[in-house]
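Everything below concerns the one structure shown next.
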Amino acid sequence: MITEVQTHHKASINDLQLMPRFAVLDPCLTVGLPPQVTAQTGMDALCHAVEAYTNDTYNSDFERLMCSKAVRLIHESLLTAYEDGTNLQARQDMQEAAFHAGRAFTRGSVGYVHAIGHALSGLYGVPHGLVMAILLPHVMRAYGSSVYDKLADLCDICAMEVDTPDGMISAEVRAETFLQWMEELKEKLGIPKYPDMIREEDVNQIVKWAQKEANPVYPVPEIWDAQEMKEFVLAMMEGARLEGAEKNE
Ligand SMILES: [Fe+2]
């Protein structure tokens, strides 16, 4: 990623020459990471896997498999790695998860979490992983029924317990279970529910950059035009305002 110093616009550069031939995954190297960095980078890996999985347009079975492995490992180990940074098994699981998720989104691509998140982290200097963690469940909720089947798959892949009063376990109910798990995980990792950094005068710029980055390049489950994206950003601001008011009470 590069950031233009004057405008704070983030952009990515890519070239085959930048692609590594090998990756060495040594969990010992991550043992000293502070808990917040573990949480935020772990949530970024989750975001790569979930966005790649819900995009699906370019995925082959290989990308779907990589997403499944990554999400399962993160479900098992992110909280442990956050709470006990010396747990080498959890560290190794997270390293492998990040690697699998990276392989998945190399073809499957990321979506609006990244498009909007890049604009926010560039403008306000907030860490990438933190913004990803904050936005991930909100964007997935905003996609609505277009991602029910995919999120339901992820719920099954993690063998999550699904609670239904009437015994009907529909895709919507399983998707909701997965969404709630992401929201609860965020909370346990000390990540705020909403982004509180957005200034009203920046909203149009954020929408413009996110649109430029995502449309039509990212194979998102549904395409949002500028107005729809603006409504999403405004909803995030409103959420942050209410969250702030609640805290001050
Ligand atoms: Fe990312």
Side-chain angles (χ1 to χ4, degrees), residues 1-4 8-15 18-20 23 25 30 33-34 36-59 63 66-71 73-75 77-78 81-82 93-143 147 150-151 154 182-183 185-186 189 191-192 195 197-198 206 209-215 217-221 229 232-233 236:
M1 298 299 296
I2 50 170
T3 305
E4 284 174 42
H8 299 277
H9 183 218
K10 269 195 177 186
S12 60
I13 47 169
N14 215 338
D15 191 277
L18 297 172
M19 300 263 181
L25 305 179
T30 67
L33 273 182
Q36 297 96 309
V37 180
T38 302
Q40 293 170 12
T41 52
M43 287 299 287
D44 187 31
L46 179 64
C47 194
H48 296 154
V50 173
E51 288 211 290
Y53 197 77
T54 49
N55 282 349
D56 209 44
T57 309
Y58 304 136
N59 288 344
E63 280 72 33
M66 291 296 113
C67 292
S68 310
K69 283 187 171 183
V71 174
L73 286 167
I74 293 167
H75 177 251
S77 295
L78 176 51
Y82 171 74
D93 286 352
M94 284 310 301
Q95 213 168 33
E96 284 177 17
F99 177 65
H100 295 323
R103 293 193 80 184
F105 90 83
T106 300
R107 178 190 280 262
S109 180
V110 289
Y112 289 143
V113 183
H114 272 78
I116 298 167
H118 284 150
L120 298 187
S121 63
L123 265 180
Y124 305 120
V126 185
H128 174 78
L130 176 59
V131 179
M132 295 299 112
I134 295 172
L135 294 179
L136 176 60
H138 297 296
V139 170
M140 288 299 141
R141 275 196 186 284
Y143 284 146
V147 292
K150 292 286 168 196
L151 298 182
L154 295 177
M182 290 197 290
E183 287 162 351
L185 179 62
K186 258 174 78 171
L189 296 173
I191 288 160
M197 70 292 281
I198 304 173
I206 292 163
W209 282 345
Q211 288 272 306
K212 193 176 170 206
E213 178 176 327
N215 293 343
V217 187
Y218 291 168
V220 284
M229 197 169 275
F232 176 84
V233 175
M236 291 300 98

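Everything numeric in this text was worked out from a predicted model, so none of it was measured. Ligands are counted one by one from 1 in listed order, and the atoms in each one are counted from 1 as well. What you see below is based on every heavy atom in this structure, not just the backbone, and it leaves out hydrogens, waters and symmetry mates.
Taking backbone and side-chain atoms together, Cys47 has no N/O/S atom less than 2.8 Å away from the Fe ion (ligand 1).
Of all N, O or S atoms in Asp44, the one lying closest to the Fe ion (ligand 1) is OD1. Minimum-distance N/O/S atom of His128 relative to the Fe ion (ligand 1): NE2.
Aromatic ring centroids of Trp209 and His9 lie under 6.0 Å apart.
Applying the side-chain hydrogen bond (donor to acceptor under 3.5 Å, both in side chains) test between Ser121 and each of Lys10, His114, His128 identifies Lys10 as the sole match. Exactly one of Ile134, Leu135, Val233 qualifies for a side chain to side chain contact (heavy atoms under 4.5 Å, CB included) with Leu120. That residue is Leu135.
For Asn55 (side chain) and Val110 (main-chain N/O), a donor-acceptor pair under 3.5 Å exists by modelled atom type.
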